[in-house]
Amino acid sequence: VYFESDDERDRLLLQTGGKGYDLILINGASFNSYVKRGYISPLDQSQLLYTSSIEPRWRNAFTHAREYGYPYFWGTLGIAYRKDLVTEPINSWMQFFDPSEELKGKILVVKSSRDVIGMALKALGYSANSQNPDEIKAAGKLLLAQKPHVASYGYINLSYDSSLVSGDIIAATVYGGDALNVAEHNENIQYVIPKEGGNIWVDYFTLSAKSQNTKLAYDFINFINQPENAAKNAEEMYLATPNTAARQLLPEEILNDPVIYPDKTLLQNSEFYNELPSKINRLRSGIYARLMQ
């Protein structure tokens, strides 16, 4: 089942109480809430192959990750833009949220509450995980001021007829691997992690607590993480694999691509998303709801 954002995945699971799925692909910040809601079950480690090839930092990056999750890919959230259609290179979130005249009406903003508010906070010099109500309200004010200049809220099409390829959209919030995918259709598409930093995300396969095909779920996790398969998948998706055995099979052009494997300098201001208190989530949800009206 395809979902465009974490918010949409949450809605899909809420509709059924988590029923109807065997594997659920989640981001690291969702572990606590998914465990509390009973959506996922601990993984039987004895049924998992290739765990020795998974980098420990990704297995331990979030609370409950080692017990409930099998790392799939990791990457960053930044900005993809048409370098041939801007006067100056984009290197800051503020250029995106407070756009110049040439960008007005040609911005695509990812439809995800955590990403939208998180990166607006980064633009203002705050943490994407801020729990300060004044900082969050300031991010909301910035987003509402940007709204008249946003072409739409959603995600870019990665095919040849993408609005970023045609130039109808000049800048969009995008995950790094997707930026490389769409750049296959136009060499002028540039991806940047803004100087304020972005989000470092990690996706995990988790076992649905309501799974009706548990053996098949484990078989699929093991199949997709077989080093040869994990390497093919990473090369096709332009994403960073946490599987060290798979990485040894990747070509140098993938391993040396700073979009796929950014160095520490590029990542120094970027953050993982943390789980936030209910009070802060309600404040953020209210801001996001007003933005989507």
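Arg114 forms no cation-pi arrangement with Trp201, by the criterion of a distance under 6.0 Å to the ring centre and an angle within 45° of the ring axis.
Both Leu85 and Ile79 belong to a common hydrophobic cluster when Ile, Leu, Val, Met, Phe, Trp and Tyr are linked at side-chain heavy-atom distances under 4.5 angstrom. The same ILVMFWY cluster, assembled from side-chain heavy atoms under 4.5 Å apart, contains both Tyr191 and Leu267. Cluster membership check: Val150 shares its hydrophobic cluster with Ile90, using side-chain heavy-atom separations under 4.5 Å among Ile, Leu, Val, Met, Phe, Trp and Tyr. When hydrophobic clusters are built by joining Ile, Leu, Val, Met, Phe, Trp and Tyr residues whose side-chain heavy atoms come closer than 4.5 Å, directly or via intermediates, Leu144 is grouped together with Trp93.
For the salt bridge (Lys or Arg N to Asp or Glu O under 4.0 Å) test, residues two or more places apart in sequence or in another chain that qualify with Glu101 are Lys104. Applying the salt bridge (Lys or Arg N to Asp or Glu O under 4.0 Å) test to Arg284 and every residue at least two apart in sequence or in another chain returns nothing. By the salt bridge (Lys or Arg N to Asp or Glu O under 4.0 Å) test, Arg66 pairs with no residue at all, sequence neighbours left out. With sequence neighbours excluded, the residues satisfying side-chain hydrogen bond (donor to acceptor under 3.5 Å, both in side chains) with Ser92 are Glu196. Qualifying side-chain hydrogen bond (donor to acceptor under 3.5 Å, both in side chains) partners for Asp10, counting only residues two or more places apart in sequence or in other chains: Tyr34.
In this structure, Arg59 and Thr51 have side chains that are in contact, with non-hydrogen atoms separated by less than 4.5 Å. Contact of the Val35 side chain with the Thr63 side chain is not registered, since no non-hydrogen atoms from C-beta on lie closer than 4.5 Å. When side chains are defined from C-beta on, Ile54 counts as touching Asn243, because their heavy atoms get closer than 4.5 Å. For the pair Tyr50/Pro227, a side-chain contact is recorded, criterion being any heavy-atom separation below 4.5 Å from C-beta on. Side-chain contact check for Asn132 versus Tyr126: every heavy-atom pair is 4.5 Å or farther apart. A 4.5 Å side-chain heavy-atom check between Val109 and Leu143 finds every atom pair outside the cut-off.
Listed here is the closest heavy atom pair of Ile136 and Ser130: CD1-O, 3.5 Å. Shortest non-hydrogen contact noted between Ala209 and Gly38 is CB-O, 3.2 Å. Ser211 and Asp22 make their closest contact through OG-OD1, 2.7 Å (heavy atoms, listed as atom of the first residue, atom of the second, distance). Between Met94 and Ala123, the shortest heavy-atom distance links the atoms CE-O, 3.5 Å. Shown here for Ala128 and Leu121, the closest heavy-atom pair between the two residues is O-CD1, 3.9 Å. A pairwise comparison of heavy atoms in Pro262 and Trp74 identifies CD-CH2, 4.0 Å as the closest pair.
Checked against the 6.0 Å centroid criterion, the rings of Phe205 and Tyr72 qualify as a close aromatic pair. A distance below 6.0 Å separates the ring centres of Phe272 and Phe62.
Aromatic ring pairs are classed by plane angle as parallel below 30°, tilted from 30° to 60° and perpendicular above 60°; the pair His64 and Tyr68 is perpendicular.
A distance of 12.5 Å separates NZ in Lys141 from CD1 in Ile287, rounded to the nearest 0.5 Å. Separating the NZ atom in Lys36 from the CD atom in Glu275 is a distance of 5.0 Å, to the nearest 0.5 Å. With rounding to the nearest 0.5 angstrom, the OH atom of Tyr261 is 15.5 Å from the CG atom of Leu266. Atom CG of residue Leu103 and atom CZ of residue Phe96 lie 8.5 Å apart, to the nearest 0.5 angstrom. The line from CD of Gln190 to CG of Asp84 is 11.0 Å long, rounded to the nearest 0.5 Å. Rounding to the nearest 0.5 Å places OG1 of Thr214 at 10.0 Å from CG of Asp44.
Side-chain contact check for Thr87 and Glu102: at least one donor-acceptor pair (N or O, by modelled atom type) lies under 3.5 Å. One side chain, Ser159 or Asp161, offers a donor N or O that lies under 3.5 Å from an acceptor on the other. At a cut-off of 3.5 Å, with distance as the only test, no side-chain donor of Ser162 or Asn157 sits close to an acceptor on the other residue. If you check the side chains of Ser30 and Tyr204, you find no donor sitting under 3.5 Å from an acceptor. Remark: the Asp257 side chain and the Tyr238 side chain contain no N/O donor-acceptor pair separated by less than 3.5 Å.
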Intermediate values then yes/no, side chain to side chain contact (heavy atoms under 4.5 Å, CB included), Thr206 and Tyr39: CA-CA 9 Å; Thr206 62; Tyr39 286 166; over 6 Å; no
Report the C-alpha separation of Arg9 and Ile24 in whole Å, then their side-chain angles, then the decisive distance to 0.1 Å, and conclude whether the side chain to side chain contact (heavy atoms under 4.5 Å, CB included) test is met. CA-CA 9 Å; Arg9 182 198 59 228; Ile24 305 171; 4.1 Å; yes
Should Asn229 and Ile224 be marked as a side chain to side chain contact (heavy atoms under 4.5 Å, CB included) after you check the CA-CA gap, both sets of side-chain angles, and the distance that decides it? CA-CA 6 Å; Asn229 294 337; Ile224 210 73; 5.6 Å; no
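Using a 4.0 Å cut-off between a side-chain N of Lys or Arg and a carboxylate O of Asp or Glu, Glu8 and Lys111 do not qualify as a salt bridge.
Heavy atoms of other residues, nucleotides or ligands lying less than 6.0 angstrom from CD of Gln212 number 12 at most.
Residue pairs that meet the salt bridge (Lys or Arg N to Asp or Glu O under 4.0 Å) test with at least one member in residues 205-215, sequence neighbours left out, are Lys215-Asp219.
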